[in-house]
Amino acid sequence: MISLKGKNAIVTGATRGIGLEISKVLAENGANVAILDIQLGDGSAIKEVEALGVTCKGYACDVSNPEAVDEVFKQILADFSKVDILVNNAGITRDNLLIRMKQEDFDSVLNVNLRSAFICTKALSSHMMRNRSGRIINMASINGIRCQAGQANYAASKAGIIGLTKSNAMEFAARGVTVNAIAPGFIKTAMTEKLAPEVIAKYKEAIPLKDLGNPRDVANAVAFLASDEAAYITGQVLGVDGGLGA
Ligand code: NAP
């Protein structure tokens, strides 16, 4: 059993998919959650997390914009006074073969998936280092390790997340702040719903555990890395992929 009671977490890209599930699992373990997303929609994600008995506030913010992030993080620190956990989860895909990939699709994927993690970590690093404690968890992907055709932008961004994670882990270790990455395999979300049924069937066949994962599988790994029990783990990439990356 882990407990995150009294801890405050920021989760980016958290109004749906894996980010929402992470917010819910952190809340189930007692953490208050600041949900950051480019748009908050009808606010149902905030209500779902709040219903778990914690404080949850939503902040609309493009995480690839440093000025917007600085402003929102100032507001979060004013609202929560302390932040213990940062989950850099926001991500997008703009797949295409390199020959057809538009420059803007390369840039936007790098900006949202990688640059945002740099921006959000930088915005919070002095706060965490001053507190001499903190947990930063970055969302990588199996496709940043074992890459596929048509994902030059996505693969580069997720391989970059792994480099950023390891470098930040070395910089923050002496201050009690751990930095780890999770590399999900194929998880049932809107991102994978776009795939053709025959592609999904092919993946299932290749995955040793013979199924796609659920957002909760990823969220449980985040909650563990965010806990006191994971204090001696830093600079690691944890695969949540049914054995695909083994
Ligand atoms: P998702 O369902 O598409 O959710 C991503 C969230 O991020 C959405 O709420 C999206 O907002 C938000 N977002 C997009 N751009 C943003 C920005 N500039 N600023 C703030 N928020 C932004 O994706 P997911 O499947 O849950 O994936 C979550 C993370 O896991 C991503 O980093 C992804 O690369 C990684 N991952 C997913 C899988 C998988 O199988 N699903 C596998 C490996 C890794 P909108 O709704 O407005 O677009």
Side-chain angles (χ1 to χ4, degrees), residues 2 4 7 9-54 56 58 63 85-93 95 109 112-113 116-117 120 135-145 151 154 157-158 161 165 180-195 197 199-201 203-204 206-227 230 236-245:
I2 61 163
L4 302 174
K7 309 239 186 231
I10 296 176
V11 185
T12 71
T15 58
R16 63 185 172 104
I18 294 172
L20 175 56
E21 201 62 23
I22 291 169
S23 303
K24 284 159 68 178
V25 172
L26 293 178
E28 283 165 17
N29 285 284
N32 302 309
V33 185
I35 283 182
L36 241 83
D37 210 299
I38 190 125
Q39 52 189 6
L40 297 172
D42 60 3
S44 59
I46 299 154
K47 287 189 199 114
E48 268 187 66
V49 176
E50 225 168 22
L52 296 164
V54 299
C56 178
V63 287
I85 301 158
L86 168 65
V87 186
N88 287 311
N89 166 78
I92 58 169
T93 52
D95 294 358
V109 169
V112 177
N113 295 9
S116 68
C120 293
R135 297 277 185 273
I136 299 170
I137 297 141
N138 295 324
M139 206 50 69
S141 167
I142 192 165
N143 288 337
I145 304 167
Q151 288 203 314
Y154 189 80
S157 72
K158 295 302 187 179
I161 277 284
T165 299
N180 291 290
I182 291 185
F186 295 97
I187 309 296
K188 294 168 197 156
T189 63
M191 204 176 254
T192 43
E193 266 165 26
K194 291 183 213 154
L195 299 169
V199 176
I200 295 196
Y203 285 144
K204 280 189 183 172
I207 296 166
L209 287 177
K210 298 292 172 211
D211 200 1
L212 271 64
N214 290 301
R216 186 146 282 243
D217 296 318
V218 179
N220 286 335
V222 171
F224 169 66
L225 289 174
S227 72
Q236 303 303 308
V237 183
L238 177 58
V240 180
D241 58 11
L244 192 59

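The side-chain heavy atoms of Thr12 and Ser116, taken from C-beta on, include no pair separated by under 4.5 Å. In this structure, the side chains of Ile161 and Asn113 stay at 4.5 Å or more apart for every pair of heavy atoms. Between Lys158 and Asn143, the closest side-chain pair of non-hydrogen atoms is not below 4.5 Å. When side chains are defined from C-beta on, Thr192 does not count as touching Tyr203, because their heavy atoms never get closer than 4.5 Å.
The structure places CG of Leu244 at 14.0 Å from NZ of Lys204, a figure rounded to the nearest 0.5 Å. Taken to the nearest 0.5 Å, the CG atom of Leu225 stands 5.0 Å off from the CD1 atom of Ile182. Taking CG from Asp241 and CD1 from Ile145, the interatomic distance works out to 8.0 Å, rounded to the nearest 0.5 Å. From Lys194, atom NZ reaches atom CG of Asp95 across 7.5 Å, with rounding to the nearest 0.5 Å. For the atom pair Cys56 SG and Lys24 NZ, the distance stands at 11.5 Å (nearest 0.5 Å). Atoms OG and NZ, from Ser227 and Lys7 in turn, are 8.5 Å apart once rounded to the nearest 0.5 Å.
Taking every heavy atom of both residues into account, Ile187 and Pro215 meet most closely at CG2-N, 3.4 Å. Minimum interatomic distance between Ala181 and Ala140 (heavy atoms only, all atoms of both residues): CB-CB, 4.3 Å. Across all their heavy atoms, Ala190 and Arg16 have their closest contact at CB-NH1, 3.3 Å. In terms of heavy-atom proximity, Pro184 sits nearest to Val218 at CB-CG2, 4.0 Å. Heavy-atom minimum distance, Ala230 versus Phe224: CB-O, 3.2 Å. Across all non-hydrogen atoms, the minimal contact from Ile136 to Asn88 is CG2-ND2, 4.0 Å.
Checked against side-chain contact (heavy atoms from CB on, under 4.5 Å), Ala9 has the following partners two or more places apart in sequence or in another chain: Leu26, Ile85.
Without hydrogens or angle criteria, Asn180 side chain to Gln236 main chain gives a donor-acceptor distance under 3.5 Å. Judged by distance alone, the side chain of Asp217 and the main-chain N or O of Asn214 form a donor-acceptor pair under 3.5 Å. The backbone N or O of Met139 lies less than 3.5 Å from no partner atom in the side chain of Asn89, so there is not a single donor-acceptor pair.
Between Asp42 and Lys47, none of the side-chain N atoms (NZ, or NE/NH1/NH2) sits under 4.0 Å from a carboxylate O, so this pair counts as no salt bridge.
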Side chain to side chain contact (heavy atoms under 4.5 Å, CB included) for Thr189 and Ile18? Distances and angles first, verdict last. CA-CA 7 Å; Thr189 63; Ile18 294 172; 3.8 Å; yes

In residues 28-38, what donor-acceptor pairs under 3.5 Å come from side-chain atoms, sequence neighbours left out?
unit_1: Glu28; atom_1: OE1; unit_2: Arg216; atom_2: NH1; d: 3.0
unit_1: Glu28; atom_1: OE2; unit_2: Arg216; atom_2: NH2; d: 2.9
unit_1: Asn29; atom_1: ND2; unit_2: Val25; atom_2: O; d: 2.8
unit_1: Asn32; atom_1: OD1; unit_2: Thr55; atom_2: N; d: 3.0
unit_1: Asn32; atom_1: ND2; unit_2: Asn8; atom_2: OD1; d: 2.9
unit_1: Asp37; atom_1: OD2; unit_2: Ala14; atom_2: N; d: 3.0
unit_1: Asp37; atom_1: OD2; unit_2: Thr15; atom_2: N; d: 3.0
unit_1: Asp37; atom_1: OD2; unit_2: Thr15; atom_2: OG1; d: 3.0

